[in-house]
Amino acid sequence: MLLHLISRRVSPSFRSQPSKLSALRFSTTVSAAERLYDHLQGCKNNPEKELASAKVKLDASTINEVIKRCSPNQFQLGLRFFIWAGTQSGHRHSPYMYSKACEFLEIRANPDLIKDVVEAYGKEECFVSIKTMRIVLSLCNQAKLADEALWVLRKYPDFGLSADTIAYNLVIRLFADKGDLSMAETLMKEMDCIDLCPDVMTYTSVINGFCNAGKIDEAWNLSKAMSKHGCVLNTVTFSRILEGVCKSGDMERALEFLGEMEKEDGGGFISPNAVTYTLVIQAFCEKKRVQEALMILDRMGDRGCLPNRVTASVLIQGVVEENDEDVMDLSKLIDKLVKLGGVSLSECFSSATVSLIRLKKWEEAEKIFRLMLVQGNRPDGLACSLVLRELCSLERYQDCFFLYEEIEKANVISTIDSDIHSVLLLGLCEHGCSWEATKLAKWMLDKKMRLNVSHVKRIIQALKKTGDEDLMRRLSTI
DNA sequence: TTAGGGTTAG
């Protein structure tokens with residue numbers, strides 16, 4: 001009974017049927033996916049027409065299931081299905097679905113798939129809309145295929161379509177991210193020629209590309225050209241340039257930029273915000289110039305700009321890295337951050353815990369984490385996960401269990417992953433902590449949490465070895 | 001269009 005209960009919760013890959021869904025949901029998905037897959041098989045020419053007659057309500061798990069079935073021998077059919085599904089009214093692929101499609105259909109490894117499918121549309125005289133092309137381009141985007149995206153852009157006229165700003169922006173961004181700024185600029189000029197006006201997103205992509213390539217002057221010139229084209233230079237774009245300056249290592253120039261942004265004559269369009277200041281703070285911290293980073297914090301405070309979680313975490317990390325012994329600086333910083341507002345004491349303590357663990361200052365990390373719980377502050381998910389994992393690696397399973405209980409009372413348990421649960425359960429079992437193991441196993445079953453496959457066999461073995469009748473009895477009543 | 005640090009689900 002006990003083993004049955006445990007194995008019921010084993011990860012899907014441990015069982016024959018691949019699904020993370022409930023039995024009812026699974027059967028619906030399979031039947032819908034089966035019907036769609038059968039329709040796909042039924043017609044090799046223009047399968048989109050055939051699919052339309054399937055009359056199946058599309059959802060993410062059904063689409064996933066169909067694509068999986070098309071792997072590994074029917075990638076082209078799977079891709080056509082995915083594109084067709086995305087064009088159906090009432091359904092829109094999430095970014096997650098695009099990444100799944102790229103993964104299952106191995107698009108990055110087989111970029112020709114994209115071309116083959118678009119060519120097939122032409123040969124079979126399929127109906128191709130702007131929406132169809134947008135999905136194809138989004139797949140290129142997900143797979144980071146700039147050349148293929150450009151090829152798709154060139155295919156628009158073949159289907160009687162004109163590429164729009166969204167299509168151009170996507171292709172331009174791919175080339176800019178890839179570092180091919182000359183192609184990005186060519187495409188931007190081309191937009192002008194066909195009466196498409198490059199917008200803020202177009203410019204920001206290319207400016208970002210120049211900054212990543214360390215070409216700050218080119219980025220700066222482009223931002224001036226942007227104003228001429230009627231696009232207002234804004235905080236985001238200006239911050240991008242500032243980020244490029246920071247990355248180039250010229251902090252004096254970065255401060256000049258920041259000063260320019262702070263001037264009132266910009267009309268407020270380019271006033272620095274928390275992200276802008278954080279970029280500069282981060283750059284100073286990375287250069288171990290923490291005092292100057294702290295001065296930027298004062299400067300943002302003076303201007304009424306509130307630090308956020310990222311500002312806090314970057315600064316806390318900087319201070320923790322700088323000071324081997326002195327925790328006074330850390331508490332002074334946390335006091336200041338909380339007084340300024342915008343960030344809570346819990347967030348600061350959580351960041352400090354994370355930074356201390358990463359710097360292998362475990363004792364201080366544990367102290368600050370426990371202090372947080374005692375004071376009734378709620379730690380964040382990452383701090384909890386790192387602390388529990390560390391306790392497990394130190395084989396302090398009982399301590400870990402009691403801390404887990406405390407954390408659960410603070411209501412952050414849902415962000416702790418199943419792997420930590422599995423490691424803790426295994427540790428408790430192997431160290432004879434049957435009472436704790438029982439309680440943890442019960443919570444895990446209640447939460448429908450899956451056990452890590454690599455641990456389940458050992459957990460079962462450990463449970464067998466203890467021969468603890470009481471444990472068996474209690475677990476079997478869950 | 002703008003970020004950071006682990007996982008989960010879709």
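Each chain gets a letter, A, B and so on, in the order its sequence line appears, and its residues count up from 1.
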So which atom in A/Pro272 and which in A/Leu258 form the shortest heavy-atom distance, rounded to 0.1 Å? CB-CD1, 4.1 Å

Are A/Glu366 and A/Val387 packed together at the side-chain level, in the sense that at least one heavy-atom pair is separated by less than 4.5 angstrom? no

With a 4.0 Å cut-off on heavy atoms, is [X] in touch with a base, just the backbone sugar-phosphate, or nothing at all?
{"X": "A/Asp199", "value": "nothing"}
{"X": "A/Arg358", "value": "sugar-phosphate"}
{"X": "A/Asn169", "value": "nothing"}
{"X": "A/Thr235", "value": "base"}
{"X": "A/Ser94", "value": "nothing"}
{"X": "A/Asp380", "value": "base"}

What is the distance, rounded to the nearest whole Å, between atom [atom1] of [X] and atom [atom2] of [N]?
{"X": "A/Gln282", "N": "B/dG4", "atom1": "CD", "atom2": "P", "answer": "8 Å"}
{"X": "A/Tyr404", "N": "B/dT7", "atom1": "OH", "atom2": "C1'", "answer": "13 Å"}
{"X": "A/Ile316", "N": "B/dG4", "atom1": "CD1", "atom2": "P", "answer": "17 Å"}
{"X": "A/Ile357", "N": "B/dG6", "atom1": "CD1", "atom2": "C1'", "answer": "11 Å"}
{"X": "A/Leu386", "N": "B/dT7", "atom1": "CG", "atom2": "P", "answer": "10 Å"}
{"X": "A/Ile420", "N": "B/dT8", "atom1": "CD1", "atom2": "C1'", "answer": "12 Å"}
{"X": "A/Asp417", "N": "B/dT7", "atom1": "CG", "atom2": "C1'", "answer": "5 Å"}
{"X": "A/Ile172", "N": "B/dT1", "atom1": "CD1", "atom2": "P", "answer": "15 Å"}

Answer with yes or no after comparing the ring centroid distance for A/Trp443 and A/Tyr404 against a 6.0 Å cut-off, counting only values under it. yes

Between A/Phe269 and A/Phe238, is the ring centre distance below 6.0 Å? no

Given [options], which nucleotide is nearest the side-chain atoms of [X]?
{"X": "A/Val200", "options": "B/dG6, B/dT1, B/dG10", "result": "B/dT1"}
{"X": "A/Asn308", "options": "B/dT1, B/dT8, B/dA3", "result": "B/dA3"}
{"X": "A/Asn234", "options": "B/dT1, B/dG10, B/dA3", "result": "B/dT1"}
{"X": "A/Thr204", "options": "B/dT8, B/dG4, B/dT1", "result": "B/dT1"}
{"X": "A/Thr237", "options": "B/dA3, B/dG10, B/dT1", "result": "B/dT1"}
{"X": "A/Val310", "options": "B/dG6, B/dT8, B/dG4", "result": "B/dG4"}

Go nucleotide by nucleotide along DNA chain B from the 5' end; which of A/Gly381 and A/Ser239 gets its closest nucleotide reached first? A/Ser239

Contacts of A/Ala383 and A/Thr276 projected onto DNA chain B by closest heavy atom; the upstream (5') one is A/Thr276

Test your reading of the model: is there a side-chain donor-acceptor pair from A/Arg108 to the backbone of A/Ala143, 3.5 Å cut-off?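 Flag set: sc A/Arg108 to bb A/Ala143 pair under 3.5 Å.
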
Distance only, no hydrogens: is a donor on one side chain within 3.5 Å (strictly under) of an acceptor on the other, for A/Ser205 and A/Asn208?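 The answer is no; no qualifying pair exists.
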
